[in-house]
Each structure stands twice: as structure tokens, then as C-alpha cells.
Amino acid sequence: MATAASSLTIASSFSEPRIQIRSSKRTSLSLQYSIPYKANSRSRRRLVVSSVSAPKVELRTGPDDLISSLLSKVANSDGGVTLSPEQHKEVAQVAGELQKYCVSEPVKCPLIFGDWDVVYCSVPTSPGGGYRSVIGRLFFRTNEMIQGIDSPDIVRNRVSFTALGFLDGDVSLTGKLKVLDSEWVQVIFEPPELKVGSLEFKYGFESEVKLRITYVDEKLRLGLGSRGSLFVFRRRQ
């Protein structure tokens with residue numbers, strides 16, 4: 001038994017014999033607990049057993065896990081409208097972690113092109129303007145918020161809604177994209193076009209926005225507006 005990987009030794013004394021277990025494995029024997037029991041009316045024995053401590057394993061969270069977490073936090077929130085301030089902070093925290101995995105020079109990445117659902121905005125009125133304001137939502141129920149980016153430089157925004165509970169409509173913007181640097185883009189939009197039922201007309205003036213692309217892949221895109229609004233876009237299937 002002397003050549004075995006583990007040895008069992010018994011150290012005895014008059015009043016309290018002990019059983020000790022030693023291991024030649026790399027894991028350390030760090031914690032102990034005792035089980036007292038009676039041997040007879042005059043003496044006691046105590047069994048000492050050492051537990052094995054396992055090495056700590058550091059878990060890393062990759063982009064796929066962060067994307068799943070982010071989408072679950074914004075799901076069924078009407079684009080972020082129903083989230084509490086604390087929940088908005090959680091979304092921002094996950095987005096901040098995800099942007100660490102962003103490709104270099106995302107404005108040059110071909111993955112930015114395509115049609116995207118706007119699933120979250122930290123400022124509800126940023127996509128859709130007055131139609132998404134507190135008063136606007138009383139009369140216009142949002143159905144979809146979509147952004148399309150067509151190569152090489154066309155941006156299409158559309159918010160579809162149901163007005164007064166029975167009239168379907170949408171408001172759309174078409175703009176031209178200009179690259180400012182490796183992350184920032186500028187879009188100058190034409191006046192918005194409104195469709196409600198059989199009515200269709202343009203109104204208002206041109207508008208301009210600047211957006212920083214902080215993450216993009218096959219499934220998700222993150223944007224940060226010049227005034228700090230966080231956008232989460234999910235690619236449409």
C-alpha cells in the first residue's frame with residue numbers, strides 16, 4: 001500500500017484517535033470537518049475528513065451571450081418605452097460590454113447594409129418623433145420601426161402605426177448617408193412623408209442626425225446618437 005496514490009494513516013492517542021486522509025493529487029486538502037461518535041462510555045473518537053478544493057475557473061462572456069442578454073432585456077418593451085430607469089441602465093451596461101467586440105472601422109463594414117428593426121431606443125421620441133411622444137402614443141399605436149441602409153449611401157426610416165385604433169398608416173424618411181470618420185456617420189433626411197389610409201403627403205423640413213456605430217455583426221447593430229441616445233437594431237429576417 002505504500003506505493004498507492006493515496007495513503008491512509010491512523011494516529012492514536014489515549015483519549016482521541018484520529019483518522020487522516022492524504023492525497024498525492026494536485027488539488028489541495030484545505031477544509032476539515034469532524035464527526036464525533038462514542039466508542040464506549042469512557043472514550044470518544046473523532047473522524048477527521050479533509051475536503052478537496054477545486055481551482056477557480058474564470059468564465060468569460062462572449063458577444064453571443066451579450067447579444068442574447070441585450071435582446072432579452074429590451075423584448076416586449078415597445079422600443080424601450082416601458083422600461084424603468086434601472087432597466088435602461090442595465091441595457092446601457094450590456095451595450096457597453098458588447099461594443100468591446102466591435103470590428104475596427106465599422107462604417108466600412110458591409111454588414112451595416114440591409115433592413116433592421118429598431119428594437120430599442122433610450123429616448124422614446126428619437127425614432128418617430130412626436131408619434132412616439134407621451135401624447136402621440138395615446139393616438140398612434142406603434143406597429144413597427146424599421147431602418148434600411150442601402151449601398152452605397154441611402155438610409156430609409158419608417159414607423160408604421162395604427163391611428164385611433166382603426167386607421168393604419170406610417171411615416172417615413174429618406175436620407176443620404178455621409179461617412180465622417182471610422183465610426184461616425186451623418187444622415188441628412190428629406191421632409192417626412194405621411195400615409196394614413198388613402199391620404200399621402202409630405203410635410204415639414206429637412207432634418208439631420210449624426211450616429212456613431214458602436215457594434216455590428218450579422219444579427220445586431222448598436223448606434224449612439226450625438227446627444228447620447230442609444231439605439232439597438234436587430235436585422236430583419
Side-chain angles (χ1 to χ4, degrees), residues 63 66-67 70-71 73-74 77-81 83 85 88-134 136 142 144-160 170-194 202-236:
L66 291 170
I67 289 171
L70 188 60
L71 291 177
K73 290 181 183 298
V74 303
S77 67
D78 192 12
V81 170
L83 297 185
H88 281 290
K89 290 181 181 179
E90 292 176 3
V91 172
Q93 182 178 8
V94 177
E97 289 296 317
L98 184 57
Q99 73 180 48
K100 297 177 182 178
Y101 295 90
C102 185
V103 298
S104 59
E105 298 188 289
V107 297
K108 296 181 179 180
C109 181
L111 292 175
I112 67 173
F113 299 113
D115 290 336
W116 303 82
D117 286 316
V118 185
V119 295
Y120 171 83
C121 182
S122 58
V123 180
T125 57
S126 289
Y131 299 94
R132 297 277 294 166
S133 67
V134 174
T142 302
E144 289 182 321
M145 295 185 293
I146 302 170
Q147 182 176 85
I149 305 179
D150 301 330
S151 180
D153 58 4
I154 300 300
V155 178
R156 299 172 286 103
N157 289 353
R158 184 172 68 89
V159 177
S160 64
D170 64 65
V171 59
S172 59
L173 292 168
T174 301
K176 193 171 182 64
L177 182 148
K178 178 183 178 181
V179 174
L180 299 179
D181 60 22
S182 62
E183 295 181 344
W184 283 90
V185 296
Q186 179 189 48
V187 182
I188 299 177
F189 287 104
E190 299 173 1
E193 183 176 349
L194 178 65
K202 288 189 175 183
Y203 67 97
F205 307 94
E206 289 187 348
S207 58
E208 175 188 320
V209 297
K210 292 180 181 179
L211 190 74
R212 178 190 172 202
I213 302 173
T214 58
Y215 181 83
V216 62
D217 67 9
E218 297 85 355
K219 298 180 290 186
L220 198 83
R221 177 165 59 92
L222 300 180
L224 193 65
S226 57
R227 297 182 181 180
S229 300
L230 172 64
F231 293 85
V232 178
F233 305 89
R234 181 180 58 200
R235 190 179 298 278
R236 289 177 66 85

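Note: hydrogens, waters and symmetry copies are ignored here, and every other heavy atom, side chains too, is used.
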Peer 1: If every non-hydrogen atom of Pro106 is compared with every non-hydrogen atom of Ile112, which pair is closest and at what distance?
Peer 2: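 Closest approach of Pro106 to Ile112, heavy atoms only: O-CG2, 3.5 Å.
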Peer 1: Please give me the minimum heavy-atom distance between Leu222 and Ala95, naming the atom from each residue.
Peer 2: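 Closest approach of Leu222 to Ala95, heavy atoms only: CD1-O, 3.8 Å.
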Peer 1: Do the side chains of Glu218 and Leu111 get nearer than 4.5 Å, heavy atoms only?
Peer 2: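 Yes - at least one pair of side-chain heavy atoms lies under 4.5 Å apart.
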Peer 1: For the pair Ser229 (side chain) and Val123 (backbone), establish whether a donor and an acceptor sit closer than 3.5 Å, ignoring hydrogens and angles.
Peer 2: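 Looks like no, no N/O pair under 3.5 Å.
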Peer 1: Measure the spacing between CE of Met145 and OH of Tyr120 and express it to the nearest 0.5 Å.
Peer 2: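 OH of Tyr120 is found 11.5 Å from CE of Met145.
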Peer 1: Could Asp115 and Arg156 be called an ion pair, given the rule that one side-chain N must be under 4.0 Å from one carboxylate O?
Peer 2: yes
Peer 1: Between Arg132 and Asp78, does at least one N-O distance fall below 4.0 Å, as a salt bridge requires?
Peer 2: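 Yes, Arg132 and Asp78 are salt-bridged.
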Peer 1: Please determine whether side chain to side chain contact (heavy atoms under 4.5 Å, CB included) holds for the pair Tyr101 and Leu66, giving the CA-CA distance in whole Å, both sets of side-chain angles, and the decisive distance to 0.1 Å.
Peer 2: CA-CA 10 Å; Tyr101 295 90; Leu66 291 170; 3.8 Å; yes
Peer 1: Does atom CZ of Phe205 have more than 12 heavy-atom neighbours from other groups under 6.0 Å away?
Peer 2: no
Peer 1: First locate atom NZ of Lys202, then atom OG of Ser172, and finally report the distance between them rounded to the nearest 0.5 Å.
Peer 2: 8.5 Å
Peer 1: If I take atom OH from residue Tyr203 and atom CD from residue Glu193, how far apart are they, to the nearest 0.5 angstrom?
Peer 2: 10.5 Å
Peer 1: Which residue, Thr142, Thr125, Asp170, Leu194, forms the side-chain contact (heavy atoms from CB on, under 4.5 Å) with Tyr131?
Peer 2: Leu194
Peer 1: Roughly how far apart are Phe189 CZ and Asn157 CG, rounded to 0.5 Å?
Peer 2: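 Taking CZ in Phe189 and CG in Asn157, the distance rounds to 4.0 Å.
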Peer 1: Count the heavy atoms belonging to other residues, nucleotides or ligands that lie under 6.0 Å from CZ of Arg234, then report whether that count exceeds 12.
Peer 2: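 No - once you tally the heavy atoms of other residues, nucleotides and ligands closer than 6.0 Å, there are 12 at most.
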Peer 1: Once rounded to the nearest 0.5 Å, what's the spacing between atom CD of Gln147 and atom CD1 of Ile149?
Peer 2: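 With rounding to 0.5 Å, CD (Gln147) is 4.5 Å from CD1 (Ile149).
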Peer 1: So does Glu144 have more than 12 non-hydrogen atoms from other groups sitting under 6.0 Å from CD?
Peer 2: yes
Peer 1: Does any non-hydrogen side-chain atom of Asp117 lie less than 4.5 Å from one of Ile146?
Peer 2: yes
Peer 1: Heavy-atom distance under 4.5 Å between the side chains of Leu98 and Leu220, does that happen here?
Peer 2: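 Contact flag for Leu98/Leu220 side chains = yes.
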Peer 1: Walk me through whether Glu183 and Gln99 qualify under side chain to side chain contact (heavy atoms under 4.5 Å, CB included).
Peer 2: CA-CA 12 Å; Glu183 295 181 344; Gln99 73 180 48; over 6 Å; no
Peer 1: Kindly determine whether His88 and Leu83 satisfy side chain to side chain contact (heavy atoms under 4.5 Å, CB included), including the steps that lead there.
Peer 2: CA-CA 6 Å; His88 281 290; Leu83 297 185; 3.7 Å; yes
Peer 1: So do Gln186 and Lys210 actually touch side chain to side chain, heavy atoms under 4.5 Å?
Peer 2: yes
Peer 1: So which heavy atom on Gly223 is nearest to which on Thr214, and how close?
Peer 2: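 Where Gly223 meets Thr214 most closely, the heavy atoms are N-OG1, 4.2 Å.
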Peer 1: Quick one, Lys73 with Val232, criterion side chain to side chain contact (heavy atoms under 4.5 Å, CB included). Give me CA distance, side-chain angles, the key distance, then yes/no.
Peer 2: CA-CA 11 Å; Lys73 290 181 183 298; Val232 178; over 6 Å; no
Peer 1: Can you classify the ring geometry of Trp116 versus Phe233 as parallel (below 30°), tilted (30 to 60°) or perpendicular (above 60°)?
Peer 2: perpendicular
Peer 1: Restricting to non-hydrogen atoms, name the atom on Val103 and the atom on Cys109 that form the minimum distance, rounded to 0.1 Å.
Peer 2: CG2-CB, 4.3 Å
Peer 1: Considering all heavy atoms of both residues, which atom of Val119 and which atom of Ser77 are nearest to each other, and what is their separation?
Peer 2: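 Nearest heavy atoms, Val119 then Ser77: O-OG, 4.4 Å.
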Peer 1: How long is the span from the CG atom in Asp217 to the CD1 atom in Ile67, to the nearest 0.5 Å?
Peer 2: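 If I round to the nearest 0.5 Å, the distance is 4.0 Å.
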Peer 1: For Phe231 and Ser126, work out which heavy atoms get closest and say how close.
Peer 2: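 The answer is CZ-CB, 3.7 Å.
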Peer 1: Who passes salt bridge (Lys or Arg N to Asp or Glu O under 4.0 Å) against Glu208, sequence neighbours left out?
Peer 2: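 For Glu208, no residue satisfies salt bridge (Lys or Arg N to Asp or Glu O under 4.0 Å) once neighbours in sequence are set aside.
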